[in-house]
Amino acid sequence: MRKKIVAGNWKMNLDLNQGEKLLKELLEKKINQEVTTVIAPPYIHLSSFRELISNSTIKLAAQNCHQQENGAYTGEISIGMLKSVGVEYVIVGHSERREYFLEDSLALSFKVTNLINQGMNPIYCCGETLSQRKDGDHFSVIKKQIEQGLFQLNEMELSQCIIAYEPVWAIGTGETATPEQAQEIHHHIRKTIANQYGEIIANLIPILYGGSVKPNNAKELFSCSDIDGGLIGGAALNASSFSDIINSF
Ligand code: PGA
């Protein structure tokens, strides 16, 4: 059976005190232990969060990383640094990084490869814009993003990856893809992987949906056969709504 994963992407929200408060509230909630729960706070929270979660099953993620090991890259954080503070997952290629920070496919594929080489789990994001969907290009856009970011990996390496499908038009807009729209793309992603790596590998990869997931729509989305969890933005900033989403499985 594939892993079920719910990951909270806090983005650039909450200072350290606010973040610790939210994490402590979350630690008091009863959460479904069959679900791998991951939180991706801002970088500077990570090392203190490591202590706070030490007696829990919650895992730490970073929202980004730099692809080089070290060197003159002012303002950047390396994979080794993240590993040293207990990070196990890293979000790669979120649409906000692609759009505002011009992260290109080559840099993203390096990040993915280097994360795998260091034993980390990339959460590789893909998703089409509204105009791409309106033009009927969503299938080809997603296929290309998957190929460019992941197809440099061998089978073993790919099986360490998690994919997040996040239609850009659904992120932070309150507009969610319908379960049918999401399932259709998740199936397309799995087929794209199966064509390259075979069914067995394709069936191992968790594919998360992201884009305005809330407690009132999570159950329906998570019941789709190719949806293995969620990447949650806004609703991860509240312990009750995040735990309700986790418990929607
Ligand atoms: P949202 O964000 O849940 O606020 O739409 C999701 C994401 O960007 O990962």
Side-chain angles (χ1 to χ4, degrees), residues 4-14 18-19 22 26 31 35-43 45-46 58-65 87-103 108 111-112 115 121-130 132-133 138 141-142 145-146 149 161-179 181-183 185-186 189 206-222 224 227-249:
K4 299 176 173 71
I5 301 171
V6 174
N9 175 11
W10 291 14
K11 308 192 180 182
M12 197 176 72
N13 291 298
L14 309 181
Q18 294 164 331
L22 172 57
L26 185 62
I31 52 175
V35 180
T36 302
T37 299
V38 180
I39 53 168
Y43 285 138
H45 301 14
L46 290 166
I58 295 178
K59 308 282 187 195
L60 278 185
Q63 298 172 19
N64 184 30
C65 64
V87 169
E88 295 176 57
Y89 297 81
V90 177
I91 300 171
V92 177
H94 189 281
S95 61
E96 288 150 16
R97 303 266 352 145
R98 292 181 193 255
E99 185 183 348
Y100 307 140
F101 303 96
L102 308 179
E103 295 203 1
L108 296 178
K111 288 186 188 195
V112 167
L115 281 163
N121 303 104
I123 302 177
Y124 179 73
C125 301
C126 59
E128 81 285 0
T129 62
L130 188 58
Q132 289 166 333
R133 179 167 277 265
H138 42 305
V141 166
I142 302 293
Q145 289 173 342
I146 295 292
C161 291
I162 295 148
I163 295 172
Y165 167 57
E166 299 204 305
V168 178
W169 48 272
I171 295 176
T173 58
E175 193 180 335
T176 324
T178 63
Q181 286 172 322
Q183 166 58 28
I185 297 288
H186 282 232
I189 293 171
I207 307 178
L208 316 183
Y209 170 78
S212 299
V213 179
K214 307 284 178 222
N216 65 3
N217 57 27
K219 206 180 182 68
E220 233 193 322
L221 286 160
F222 295 169
C224 298
I227 300 183
D228 307 306
L231 182 55
I232 319 298
L237 297 174
N238 176 288
S240 299
S241 59
F242 190 55
S243 59
D244 284 351
I245 290 171
I246 297 163
N247 293 332
S248 299
F249 266 112

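Counting starts at 1 for both ligands and their atoms, following the listed order. FYI, the numbering just counts along the sequence from 1.
A salt bridge links E103 with R97: the closest approach of a Lys/Arg side-chain nitrogen to an acidic carboxylate oxygen falls below 4.0 angstrom.
For residues 208-218, the pairs satisfying side chain to side chain donor-acceptor pair (under 3.5 Å) are T176-N217, with sequence neighbours left out.
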Original post:
Could you go step by step and tell me if Q63 and H94 meet the side chain to side chain donor-acceptor pair (under 3.5 Å) rule?
Top reply: CA-CA 8 Å; Q63 298 172 19; H94 189 281; over 6 Å; no
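The CG atom of N238 sits 7.5 Å away from atom CG of L22, with the distance rounded to the nearest 0.5 Å. In this structure, CG on N121 lies 9.0 Å from CG on L115, to the nearest 0.5 angstrom.
I171 has its side chain within reach of E166: a pair of non-hydrogen atoms, C-beta onward, lies under 4.5 Å apart.
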What short N/O contacts, under 3.5 Å, does ligand 1 make with the protein, listed by atom pair and distance?
unit_1, atom_1, unit_2, atom_2, d
ligand 1, 2 (O), K11, NZ, 3.4
ligand 1, 3 (O), S212, N, 3.4
ligand 1, 3 (O), G233, N, 2.9
ligand 1, 4 (O), G234, N, 2.8
ligand 1, 5 (O), G172, N, 2.6
ligand 1, 5 (O), S212, N, 2.7
ligand 1, 8 (O), K11, NZ, 2.7
ligand 1, 8 (O), H94, NE2, 2.7
ligand 1, 9 (O), H94, NE2, 3.4
ligand 1, 9 (O), E166, OE1, 3.3
ligand 1, 9 (O), E166, OE2, 2.7

